[in-house]
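Below is one structure, written out as structure tokens, with a few remarks after it.
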Amino acid sequence: MKWQGRRQSGNVRDARGERVSGSRGGIGTLLQVVVGIFGVKGLVALVAVGFIGWQLGLVDPAALLGSGGTRTVEYQASPEEERLLQFVAVVLADTEDIWSRQFNGFDRQYVEPELVIYRDRYPTGCGMGDARMGPFYCPADRKIYIDLGFYDDLAGQIGAPGDFAQAYVVAHEVAHHVQNLLGISEQVSAQRGQPDYNQYSVRLELQADFLAGVWAHHNRHYLDRGDIEEAVRAANQIGDDAIQSRSSGRVTPHAFTHGTSEQRMRWFRRGLESGRIADGDTFSKAYDAL
Ligand SMILES: [Zn+2]
């Protein structure tokens with residue numbers, strides 16, 4: 001993909017130097033110690049002092065709970081990682097241009113998402129982000145979270161190397177943002193708890209692959225030979241059946257939440273050919289026909 005020298009998005013937030021402060025068991029341990037030494041009265045006193053401290057702005061409860069606070073550390077990235085960050089910023093800028101135009105086409109305003117680059121763990125509007133989860137979009141705070149270390153896995157263990165495979169991953173998460181703005185994600189979350197919720201989730205994922213394809217369609221002039229194959233390979237390798245057979249050695253269809261590799265590739269290609277949001281209705285088709 002031709003990306004060097006192109007516009008980088010201003011919506012990338014580099015949080016690699018921000019570390020989650022406090023350990024998960026921090027406050028629990030503190031309470032046990034206080035009760036052990038001073039009894040329950042001591043605990044009541046501590047809570048009272050803590051409350052006053054919080055009122056005065058001296059105590060940050062989020063930091064104590066280890067859920068909201070971060071501290072800043074010196075972060076030294078390798079030149080390759082810096083290059084990757086710039087690449088991601090160009091891809092994000094591409095998605096902004098393309099989705100703004102698409103939204104304008106039906107008189108809607110595209111609200112650009114923020115993309116947070118973090119390391120290891122990071123508090124998000126959807127709970128604690130963890131690099132092991134891979135890149136994800138949080139509908140509650142409308143942000144995309146990526147630990148760039150995922151790209152090592154993508155090229156290595158997952159077996160989908162190439163810059164366009166990397167770009168596809170960003171485009172897929174941005175697609176979830178597009179679904180959020182269009183109110184589709186909300187309709188799907190309303191089904192949570194229903195017996196067929198998993199099917200709604202698959203439909204949502206396949207549509208995100210379709211929308212990533214729409215993005216690629218409008219980005220064609222920047223593509224190099226082999227780029228589409230890289231993205232298709234990524235869609236193939238991160239299908240639920242592929243992930244499950246890699247991790248457990250067997251495939252269990254009822255646990256699918258993203259769709260099979262074949263489905264994911266097909267919907268990506270469909271978006272690539274069409275370039276139109278309207279052709280990506282994965283919700284009205286029969287589930288077996290997806
Ligand atoms: Zn997804």
Side-chain angles (χ1 to χ4, degrees), residues 88 91-92 94-95 98-99 113-118 122 124-127 129-151 153-154 158 160 164-192 196-216 230-244 246-247 253-272 277 280-283 285 287 290:
V88 165
V91 173
L92 187 64
D94 263 345
T95 64
I98 287 163
W99 290 118
E114 191 174 87
L115 186 149
V116 181
I117 310 254
Y118 73 103
Y122 197 72
T124 81
C126 297
D130 192 309
R132 287 170 296 185
M133 294 154 47
F136 63 98
Y137 172 71
C138 169
D141 61 16
R142 296 183 165 186
K143 292 179 188 172
I144 294 158
Y145 293 90
I146 297 183
D147 180 319
L148 293 176
F150 172 75
Y151 284 134
D153 295 345
L154 187 67
I158 298 175
F164 208 63
Q166 296 170 341
Y168 158 82
V169 169
V170 174
H172 175 93
E173 298 311 327
V174 171
H176 283 311
H177 176 66
V178 169
Q179 292 174 314
N180 192 16
L181 293 181
L182 295 176
I184 299 167
S185 323
E186 204 183 335
Q187 287 170 30
V188 170
S189 0
Q191 303 296 325
R192 209 176 281 270
D196 56 352
Y197 171 69
N198 228 3
Q199 297 191 358
Y200 280 94
S201 167
V202 169
R203 291 175 189 277
L204 190 74
E205 290 302 329
L206 293 178
Q207 188 178 56
D209 287 326
F210 172 86
L211 295 172
V214 170
W215 163 80
E230 287 174 6
V232 168
R233 200 176 305 131
N236 179 28
Q237 300 293 76
I238 54 190
D240 288 338
D241 50 350
I243 288 176
Q244 286 190 23
R246 257 200 311 279
S247 56
H254 62 268
F256 284 3
T257 53
H258 279 76
T260 65
S261 293
E262 192 276 324
Q263 285 175 314
R264 298 198 67 174
M265 287 197 289
R266 195 151 36 80
W267 281 95
F268 173 76
R269 280 190 193 280
R270 206 171 274 188
L272 178 71
I277 296 182
D281 183 359
T282 53
F283 289 89
K285 267 181 182 290
Y287 187 70
L290 281 174

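Whatever order the structure lists them in is the order used to number ligands and atoms, beginning at 1.
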Classify the angle between the aromatic ring planes of His172 and His176 as parallel (below 30°), tilted (30 to 60°) or perpendicular (above 60°).
perpendicular
Give me the protein N, O or S atoms that fall under 2.8 Å of the Zn ion (ligand 1), sorted by chain and residue number.
His172 NE2, His176 NE2, Glu205 OE1
Could you tell me how the ring of Phe268 sits relative to the ring of Tyr168: parallel (under 30°), tilted (30 to 60°) or perpendicular (over 60°)?
perpendicular
Which of Pro113, Ser185, Ser189 passes side-chain contact (heavy atoms from CB on, under 4.5 Å) with Asn180? Answer is Ser185
Are side-chain heavy atoms of Ile146 and Leu115 found at a separation under 4.5 Å?
yes
Taking the inter-plane angle between the rings of Tyr145 and Phe136 on a 0 to 90° scale, is it parallel (under 30°), tilted (30 to 60°) or perpendicular (over 60°)?
parallel
Can you find a pair of side-chain heavy atoms, one from Asp196 and one from Tyr200, that are under 4.5 Å apart?
yes
